[in-house]
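To find a chain, count down the sequence lines: A is the first, B the second, and so on, and within it residues start at 1.
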Amino acid sequence: MHTLTFELEAVPPYSFELTVHKPAGWSWLIRNEVYKNGTIWSAIRLYSGKPVGLKLRSMGTVHEPRVRCEAFTRQELINEEKIELQERIGKKLSADEDIREFYSLAQRDPVLHEVVKDLYGMRDTPSADVFSGAILAVTLQMAPWKRSMQMMESLLETYGERIAFDSQVINLWPTPEKLAIVEVEELQKKCKLGYRAQNLQSIAQTLTIGFPTLEDLEQMSTEGAKKKLMELRGIGGYSAEIISPHRGFPLDVWSTQIFHRLLFAETPEDPRAAISKVRRRAEERWGEWSGYAFIYVLNDLNNLSRKLKLKLN
DNA sequence: GCGTCCAGGTCTACC
DNA sequence: GGTAGACCTGGACGC
């Protein structure tokens, strides 16, 4: 194994631990990555297709943040790949994002005031790539969280690429090329995807033929990127906002109930019908920081329920 | 055990 | 442009 070590700086306040290991249990890049005592072992695939094992830990503080990254590869990386890796890790950590304006807004907002105290320095982070975002979005559709986990873990176990480094074994998300040639019936059976198998295979085929990368989508307008993602089979507005590098407010039935209780102090009779109403109110109240409000609230439900004396989860 | 219900959306047909 | 109904499957629940 070849090792490349580098350090990244982040815009303070920045909490490495809360960013890569969110309290609600959402993973950073892959479902089966390992987090232990402030260190995370994960993996990413370069545009060339080369898998890279990653070991990251904080070397600084929330106010002087620095992250040390060790990258493990079978072959030594060429200079262009080293640059790509460093740039993409910085992006995946949202290290350059300045959220001080969000914290100013939070000082004047009774809900956000509580969550930013609990999650000080946490960043929202993008998906590893379009396909892994699509896998998450598709498996979340019409399924309780436990079942979504089951589908994602089956996909990783059956079609993921296993890489071993630094005494850890990590399964990388399957590539679109790999799933594009798998029979739909096989996907249904082995990964328990049900009707989602057809959609996921169609997405894999579309990505294989040619589709903008996350970086390409970032260069588009928010609406343009969303529209492009909605061209993929089985990807509607909710899923597009999960995949898009432009931060959205991806309300589903579950999160609509939570935000309805927070914003209107009552449980909606018909959560699906209340989605647009909740979205409007959130955008009026939090504006361009709605996406950050979304991620902070959902990662602080236990504390928020206790502090506001509301049943949120 | 067994049967029934329905979930953290999306698409399509129909009006 | 709006909306009802179908969609896989397995976990939760009642009996």
Integer-rounded Å distance: [N] [atom2] and [X] [atom1]:
X	N	atom1	atom2	answer
A/Met142	B/dG8	CE	P	9 Å
A/Arg233	B/dG9	CZ	P	19 Å
A/Gln188	C/dC8	CD	P	7 Å
A/Ile135	B/dG8	CD1	P	21 Å
A/Met151	C/dC8	CE	P	13 Å
A/Leu140	B/dT10	CG	P	10 Å
A/Met230	B/dT10	CE	C1'	9 Å
A/Gln257	B/dA7	CD	P	10 Å

I would like to know whether A/Phe264 and A/Phe259 meet ring pair (Phe, Tyr, Trp, His ring centres under 6.0 Å); could you show each step before the answer? CA-CA 8 Å; A/Phe264 298 96; A/Phe259 280 96; over 10 Å; no
Assign [X] to base, sugar-phosphate, or nothing according to its heavy-atom contacts below 4.0 angstrom with the strands shown.
X	answer
A/Gln150	sugar-phosphate
A/Ile235	sugar-phosphate
A/Thr256	nothing

Under 4.0 Å between a side-chain N/O of A/Arg272 and OP1 or OP2 of B/dG9, yes or no? yes
I want to check one thing: is the phosphate of C/dC8, taken as OP1 and OP2, less than 4.0 Å away from some side-chain N or O of A/Lys189? no
Does A/Lys50 NZ have over 12 foreign heavy atoms under 6.0 Å away? yes
With rounding to whole Å, what would you report as the distance between B/dC11 and C/dG10 at their C1' atoms? 23 Å
C/dC8 versus B/dA13 - spacing of their P atoms, nearest Å: 15 Å
B/dG8 pyrimidine/purine six-ring stacking with A/Trp145, under 5.5 Å and 30°: yes
Which base sits across from C/dA12 as a Watson-Crick or G-U pair, both distances under 3.5 Å? B/dT4
With a 4.5 Å limit on heavy-atom distance, are the side chains of A/Trp173 and A/Leu29 in contact? no
Along DNA chain B (nearest heavy atom to each residue), the more 5'-positioned of A/Asn199 and A/Trp254: A/Trp254
Taking only the side-chain heavy atoms of A/Gln141 (C-beta and beyond), determine which of C/dC8, B/dG9, C/dG11 contains the nearest atom. B/dG9
Taking A/Glu114 for the side chain and A/Val111 for the main chain, is one N or O donor matched with an acceptor at less than 3.5 Å? no
We want to know whether A/Arg123 and A/Thr19 form a side-chain donor-acceptor pair, criterion being a heavy-atom distance below 3.5 angstrom. no
